[in-house]
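Read through the structure below, which is laid out as structure tokens, and then see the notes.
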Number of protein chains: 2
Amino acid sequence: MHTSCIIKHFENYSPLTERDRTLLASLEKSPRAYARNSVLWEQGEPSRHFYTVSKGWAYTYRNMHDGTRQVLDIYVPGDIVGLREFAFSHRITGLALLSDAELCAFPKTRLTDVFSQSLLLCNIFFMIAARDQAILLERLVNLGRRSAREKVAHFLVEIAERLKKTDVDTSGNLRLPLPQVLLADALGLSVVHINRTLKELKNDNLLLPTNGGVELLNIKALEEVAGFDPGYLEENIDDMLDHAREAQLRIDAAFTNADDNSEE
Amino acid sequence: MHTSCIIKHFENYSPLTERDRTLLASLEKSPRAYARNSVLWEQGEPSRHFYTVSKGWAYTYRNMHDGTRQVLDIYVPGDIVGLREFAFSHRITGLALLSDAELCAFPKTRLTDVFSQSLLLCNIFFMIAARDQAILLERLVNLGRRSAREKVAHFLVEIAERLKKTDVDTSGNLRLPLPQVLLADALGLSVVHINRTLKELKNDNLLLPTNGGVELLNIKALEEVAGFDPGYLEENIDDMLDHAREAQLRIDAAFTNADDNSEE
DNA sequence: ATGCTTCTACAACATAGGTTATGGTAGAGG
DNA sequence: CCTCTACCATAACCTATGTTGTAGAAGCAT
């Protein structure tokens with residue numbers, strides 16, 4: 001039996017009890033493979049499932065009326081996709097793949113069941129949502145108040161940083177499978193200008209545009225260029241999770257107590 | 001005794017049981033008044049509380065190294081502030097006021113307690129987080145792929161739309177207390193260009209820059225200019241909440257059962 | 001009133017980034 | 001092998017928006 005990708009992901013945050021693990025596994029259908037450039041859904045379609053990315057790269061986007069598009073976020077292995085549609089019956093963004101990938105679907109409605117059965121998992125889900133927000137926030141800053149050069153550097157560095165929490169190999173030079181059109185649509189720039197900017201950064205020996213992607217040569221220096229401050233990726237959650245774990249124990253105790261009594 | 005502002009806010013989403021109401025009220029200290037331009041916190045400070053806005057306007061921002069700043073979101077009465085720091089021990093953005101205001105604080109740590117005691121409230125909190133994300137997403141699109149004119153129109157219209165769900169009077173012309181510097185910092189433009197753009201929109205009879213704010217004269221036409229699609233503000237959540245309510249009933253039943261037995 | 005400060009207004013000039021166009025390369029598929 | 005399709009590269013030219021600077025109006029403290 002394969003190791004569930006969502007369990008692996010959650011154990012990045014906190015050790016899980018056997019019960020939590022069973023619970024998580026229960027809401028996961030087996031992973032499914034998709035080809036590069038597949039569109040998993042378009043904006044407007046009904047949204048009934050979340051997905052976890054177990055292999056490969058994905059991105060969400062929004063098509064504009066004038067034919068342009070905005071890329072909103074990139075997903076790497078271990079990320080959860082679609083959480084933000086919790087409050088919506090329809091997809092508010094499209095999802096497509098940057099590489100061949102494997103994703104696991106699980107139904108939205110079962111999320112509340114999980115909440116009811118494990119306080120710890122409920123808290124972790126909430127934290128993941130908070131982290132997603134922090135990333136979007138930083139992306140906002142990026143679009144609003146940085147030059148093209150800084151934008152590109154910051155975007156690349158952030159993704160490199162996120163990859164570190166993954167089982168993707170990040171030793172040596174890192175190659176990100178991000179074509180220049182995608183960078184343009186993510187950063188609100190034109191492809192031409194992305195190209196100009198990459199050339200500049202290449203001349204400074206910071207990166208190397210390769211076919212269909214970018215190879216990072218000097219992450220440290222890129223962080224410098226970007227004015228990158230990793231604070232928004234470093235959650236500090238142990239307090240909260242301890243609290244949740246204790247509360248869970250109290251609940252369990254109450255239940256067991258009642259059960260014991262009723263069995264006497 | 002005053003009506004809790006957070007209860008009012010939550011009842012926008014769903015009717016609450018008496019128990020839910022008590023629970024919510026329990027985590028709320030009484031509202032406190034703050035003066036216009038107060039800074040409630042700076043980025044980097046420890047974050048121990050959430051706030052609900054019961055009166056007035058607030059905004060979050062991020063100061064950049066080069067002295068510029070990015071305004072990230074505006075808050076109107078009924079909004080919850082600080083949820084995104086759930087996963088962080090420190091503030092990742094600053095919070096300041098646009099007008100005299102009243103806010104209620106409640107401690108972060110108690111949120112997990114609420115989660116454990118009411119599935120419905122837990123779900124509503126999650127939905128609010130999802131909605132916040134949807135708003136940030138739209139703001140991203142705004143910054144990435146729209147002209148100054150569209151940006152301004154979209155931003156103003158969105159806020160007008162959000163005000164409708166509030167007990168603020170939205171009949172007649174709406175005056176938003178947003179100075180031009182704030183618009184600039186929110187939309188990634190210079191004050192001068194904001195000024196130019198407002199002048200244009202004023203010539204088209206769409207709005208009227210008033211002292212320290214903007215009066216909207218023709219929201220319909222502004223929506224046209226912005227290409228505004230309100231979908232991202234219209235959650236569809238009844239399914240999820242029904243589900244949560246049922247699950248809560250099942251849990252309660254199990255508990256009561258056990259209790260009854262133990263008291264026999 | 002007097003002077004602060006904050007916000008608005010507008011002009012002249014500068015530039016980052018957009019647009020259009022053309023050509024190149026590498027892989028995918030018949 | 002040839003064609004198609006992605007993606008990349010570079011050039012010439014254009015414009016939306018930024019920068020700097022100056023000035024006036026409105027609110028606020030003394």
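Proteins get letters first, then strands, A, B, ... in listed order; numbering begins at 1 in each.
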Next item on the list: Using a strict cut-off of less than 4.0 Å between a Lys/Arg side-chain nitrogen and an Asp/Glu carboxylate oxygen, indicate whether A:R91 and A:E42 qualify as a salt bridge.
Entry: no
Please report, to 0.1 Å, the donor-acceptor pairs under 3.5 Å made by any side chain of residues 93-106 of chain B, with sequence neighbours excluded.
| from | atom 1 | to | atom 2 | distance (Å) |
| --- | --- | --- | --- | --- |
| B:S99 | OG | B:W57 | N | 3.0 |
| B:D100 | OD1 | B:R36 | N | 2.7 |
| B:E102 | OE2 | B:K55 | NZ | 3.3 |

Check: What are the 5'-most and 3'-most nucleotides of DNA chain C lying under 4.0 Å from any heavy atom of chain B?
Finding: C:dC7 to C:dA12
Residues 139-148 of chain A, side-chain donor-acceptor partners within the protein, below 3.5 Å, at least two apart:
| from | atom 1 | to | atom 2 | distance (Å) |
| --- | --- | --- | --- | --- |
| A:R139 | NE | A:L72 | O | 3.4 |
| A:R139 | NH1 | A:E158 | OE1 | 3.4 |
| A:R139 | NH1 | A:E158 | OE2 | 3.4 |
| A:R139 | NH2 | A:D73 | OD1 | 2.6 |
| A:N142 | OD1 | A:R146 | NE | 2.8 |
| A:N142 | ND2 | A:K151 | O | 3.4 |
| A:R145 | NE | B:R69 | O | 3.0 |
| A:R145 | NH2 | B:A184 | O | 3.2 |
| A:R145 | NH2 | B:D185 | OD1 | 2.8 |
| A:R145 | NH2 | B:L189 | O | 3.2 |
| A:R146 | NH2 | A:E138 | OE2 | 3.1 |
| A:R146 | NH2 | A:H154 | NE2 | 3.2 |
| A:S147 | OG | A:E150 | N | 3.4 |
| A:S147 | OG | A:E150 | OE1 | 3.3 |

Checklist line | For B:T60, all residues meeting side chain to side chain donor-acceptor pair (under 3.5 Å), sequence neighbours excluded | finding: B:R84
Notebook entry, point to check: Which ones in residues 63-74 of chain B lie close to DNA chain D, meaning a heavy atom under 4.0 Å from one of its atoms?
Noted result: none
Find every protein N or O atom lying less than 3.5 Å from an N or O atom of nucleotides 6-8 of chain D, and list the pairs.
| from | atom 1 | to | atom 2 | distance (Å) |
| --- | --- | --- | --- | --- |
| D:dC8 | OP1 | A:G212 | N | 3.4 |
| D:dC8 | OP2 | A:Q180 | N | 2.9 |

Check: Between the two ends of the helix from C:dA1-D:dT30 to C:dG30-D:dC1, what is the bend in degrees, rounded to 10 degrees, where each end axis spans five pairs?
Finding: 50°
Under 3.5 Å, which donor-acceptor pairs do the side chains of residues 201-209 of chain A form with other protein atoms, sequence neighbours left out?
| from | atom 1 | to | atom 2 | distance (Å) |
| --- | --- | --- | --- | --- |
| A:D204 | OD2 | A:R149 | NH1 | 3.1 |
| A:D204 | OD2 | A:R149 | NH2 | 2.9 |

Would you tabulate the pairs of protein nitrogen or oxygen atoms and nucleotide nitrogen or oxygen atoms of nucleotides 21-23 of chain D closer than 3.5 angstrom?
none

Next item on the list: Not counting sequence neighbours, which residues clear side-chain contact (heavy atoms from CB on, under 4.5 Å) with B:N12? List them please.
Entry: B:H9
Notebook entry, point to check: How would you list, by chain and number, every residue that makes a side-chain contact (heavy atoms from CB on, under 4.5 Å) with B:E224, sequence neighbours excluded?
Noted result: none
Item checked: Partners passing side chain to side chain donor-acceptor pair (under 3.5 Å) against A:S38 (at least two apart in sequence or in another chain) -> none
